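Each remark here refers to the structure printed beneath this line.
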Number of protein chains: 2
Amino acid sequence: MTDFRPGDASLVRKVNTQVTLRALRREGVATLTRLGRITGLSRQTVEAVLDELKERGWIREAPPDEGAMGRPARRFGFRADAGYVVGLEVGGDRIVVSLADLSGAVIAWERSAVESDAPAAERLEAARRTALACVDGAGVARTRVWTLAAGTSGIVDRSGRVSLSITLPGWTGLDLAGVAARWFGCTALAANDANLGALAEHWRGSAQHASDVVYILVGHRPGAGILIGGRLHLGRSGAAGEIGTLRQVGWENAATELVEEGSAAEVFAAAGAGDEAALRRVDHYAENLAIGASALVLAVDPDLLVIGGGYALAGDVLLDPLRRHLADLCLSAPQVVTSTFGDESVSLGAVRLALDHVERDVLGL
Amino acid sequence: MTDFRPGDASLVRKVNTQVTLRALRREGVATLTRLGRITGLSRQTVEAVLDELKERGWIREAPPDEGAMGRPARRFGFRADAGYVVGLEVGGDRIVVSLADLSGAVIAWERSAVESDAPAAERLEAARRTALACVDGAGVARTRVWTLAAGTSGIVDRSGRVSLSITLPGWTGLDLAGVAARWFGCTALAANDANLGALAEHWRGSAQHASDVVYILVGHRPGAGILIGGRLHLGRSGAAGEIGTLRQVGWENAATELVEEGSAAEVFAAAGAGDEAALRRVDHYAENLAIGASALVLAVDPDLLVIGGGYALAGDVLLDPLRRHLADLCLSAPQVVTSTFGDESVSLGAVRLALDHVERDVLGL
DNA sequence: AGAGTTACGAAAAGAGGTCTCGTAAGTGAC
DNA sequence: GTCACTTACGAGACCTCTTTTCGTAACTCT
């Protein structure tokens with residue numbers, strides 16, 4: 001439950017360091033006095049904390065603000081460029097990479113296509129190349145990447161190994177985190193793509209103010225990620241949210257039925273234009289989706305249901321029937337919204353995961 | 001995420017008070033030196049903390065141990081009898097009450113029967129009488145009850161109001177916590193029965209070492225409770241785990257099919273003796289159960305699945321087919337065990353909930 | 001009664017944090 | 001350019017909480 005270890009004075013310093021650093025990261029650049037006011041600490045304490053942080057290289061002193069009244073205050077800024085993290089999506093037909101600094105600002109994107117039946121080695125090599133290209137292209141030395149996180153479809157266990165992948169050839173059993181760790185010689189993490197999507201939405205998307213979130217990545221084969229109390233819930237084997245496994249749910253073939261004629265985008269467009277047959281197809285797909293979604297919703301009773309992934313671009317054409325079926329299946333369905341991100345959501349979630357790791361393990365606490 | 005407030009020296013004292021109190025509750029009675037050793041604090045600090053706690057009435061000084069070597073040490077004990085909590089199950093056909101002291105030791109049980117079609121007022125009155133009888137019978141003054149928690153079937157929202165009950169007449173809309181608060185003039189909490197069962201198992205039952213737990217209360221109408229990270233997960237409206245709502249799951253009528261001929265106990269007994277027809281019935285019931293259970297398991301991916309409630313007494317007669325169907329439906333089914341409690345599990349969980357409240361709100365932190 | 005054992009209690013020291021106050025370093029008005 | 005005003009810095013006193021040390025007290029055992 002709570003903490004078990006007793007505390008001494010250094011605990012207080014630890015807490016206050018955290019609080020100060022958190023405030024500084026929000027502020028960007030701030031004076032001692034201002035930091036004192038927003039943290040509730042005395043200026044003296046803030047000063048001591050910042051001295052320590054400067055020593056450790058986390059922050060830097062910025063030039064004083066000119067033109068202000070009174071004696072110029074010393075200003076400090078979080079050294080967002082002290083290190084970088086890479087967020088990576090290794091998808092069925094594409095690789096998406098984002099490079100972010102420690103403040104979470106994404107400073108470079110890179111993407112490339114990959115054949116959906118490419119063997120594992122080829123897919124990995126494409127991912128590696130794209131990631132390196134992204135970092136090199138941004139002019140960031142490879143050694144300055146502190147952590148990499150990768151999202152991929154399939155079940156990824158807590159150690160970052162793909163324990164089961166249905167869609168990607170040769171993917172099952174792959175130690176994705178282990179392999180990716182060698183690319184930059186840094187710690188690497190791996191997780192399921194839907195989980196990372198959920199994380200991204202909670203970080204900067206439509207789920208920012210929700211605590212418990214179910215995120216469904218709709219596309220060829222829907223997947224789901226769950227946030228409990230704002231934190232990723234992975235489960236014992238990392239398989240939390242894998243409701244699609246249940247035959248009763250019918251997620252396996254939901255998409256193939258949808259795209260029997262034409263691409264998904266075409267079907268959605270036709271449905272949006274009022275085409276009866278397309279509407280029926282979409283409705284049927286939404287119903288299938290709703291069955292799985294309702295199982296997750298009933299299990300978790302989330303504050304919010306977020307729909308992400310390629311098909312989410314269809315917007316209300318898909319969401320309206322989904323909401324209808326969901327209301328039918330659940331006692332009280334939560335609010336349903338679409339992702340605010342396009343296809344960056346997984347790599348953005350990966351960035352967040354990497355940053356979480358940095359903040360926890362490198363920054364301490 | 002983590003704490004937002006900065007800390008000063010008093011934070012350290014708070015932490016150490018918690019640690020000490022926790023240790024003392026585990027030990028029962030302990031000397032200063034011993035407490036120092038197990039908490040990792042100096043004897044002086046422990047002494048200061050204990051002085052404060054004695055002042056506040058949480059602990060008492062016990063007579064020194066005789067016959068030991070050296071100067072007799074002062075001994076302190078947690079005042080488990082400083083207050084009491086009442087755990088209550090308001091079931092379909094019975095009321096179960098347990099009275100526990102602050103150490104969690106149950107010092108009195110009381111139960112009574114109630115008609116399954118009794119109107120709400122009658123059921124409530126029976127619950128009140130039984131609770132009062134339990135406390136009075138134990139010789140505990142009613143004013144010494146600090147918190148009461150009640151478990152009942154149906155969906156109970158976070159404020160302790162029954163937002164939906166299918167089985168109990170007149171129960172929907174009842175402010176159970178509000179009503180029960182008047183019985184002893186203390187804070188009262190209310191929750192779903194399966195949630196409390198889960199809590200009980202994690203506290204003292206088969207789920208003690210599990211972090212994420214799905215608990216299914218099997219009986220007339222199965223219900224489920226979920227523990228995430230050892231804590232109750234209620235969800236937005238308190239409906240987390242209500243997978244039985246989903247028609248595809250078939251929990252609604254699972255039991256009625258089981259008991260078409262004879263009582264449930266008879267069917268289980270016959271199945272245990274090898275009766276083909278009974279085996280088929282049980283297998284069918286187990287299959288229905290497994291569908292809902294697998295939805296929960298896939299959603300949450302728990303460390304452990306615990307089966308409690310009346311039918312759990314059947315043991316492996318029910319569990320074996322359940323495990324089989326579960327293995328069939330889930331990628332990797334978790335361990336499945338039965339509850340270690342009989343029909344005390346809900347009231348025991350209620351005790352735990354009440355104690356949690358006391359520890360958080362009364363003891364501080 | 002003396003030796004051995006164990007715990008108590010006061011005193012000193014150190015780490016952190018807050019408050020106060022005199023001083024430094026700017027801007028703006030005259 | 002000087003003076004008043006504003007704002008921030010820095011040193012010192014003081015408080016809280018913890019730990020360490022050491023002399024003393026209160027037992028048991030021989």
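This is a predicted model, so every value here is computed, not measured. Throughout, protein chains are lettered first and strands after them, A, B, ... in sequence-line order, and every chain is numbered starting at 1.
Remark: B/R144 fails to qualify as a cation-pi partner of B/Y84 under the 6.0 Å distance and 45° angle criteria applied to the six-membered ring.
The side chain of A/T45 contributes an N or O atom lying less than 4.0 Å from OP1 or OP2 of C/dT18. Listed pair B/R13 / D/dT18 meets the phosphate criterion, a side-chain N or O lying under 4.0 Å from OP1 or OP2. Regarding contacts with the backbone of C/dG16, every side-chain N or O of A/N16 stays at 4.0 angstrom or more from both OP1 and OP2.
Residues passing the salt bridge (charged side-chain N to carboxylate O under 4.0 Å, His left out) test with A/D212, sequence neighbours excluded: none. Considering only residues two or more places apart in sequence or on other chains, A/R34 meets the side chain to side chain donor-acceptor pair (under 3.5 Å) condition with A/E27. In this structure, the salt bridge (charged side-chain N to carboxylate O under 4.0 Å, His left out) partners of A/R142, at least two apart in sequence or on a different chain, are A/D136. Taking B/R71 as the reference, nothing meets the salt bridge (charged side-chain N to carboxylate O under 4.0 Å, His left out) condition, with sequence neighbours excluded.
Note: CG (A/L41) to P (C/dC19) measures 11 Å, nearest angstrom. If you measure from atom CG of A/D8 to atom P of D/dC17, you get 14 Å, rounded to the nearest angstrom.
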Determine all donor-acceptor pairs shorter than 3.5 Å in which one atom belongs to a side chain in residues 47-55 of chain B; sequence neighbours excluded.
unit_1, atom_1, unit_2, atom_2, d
B/E47, OE2, B/R74, NH1, 3.4
B/E52, OE1, B/R13, NH1, 2.7
B/K54, NZ, B/E61, OE1, 3.0

In B/S/- notation (B base, S sugar-phosphate only, - none; protein heavy atoms under 4.0 Å), nucleotides 3-15 of chain C written 5' to 3' is --BBBBBB-----
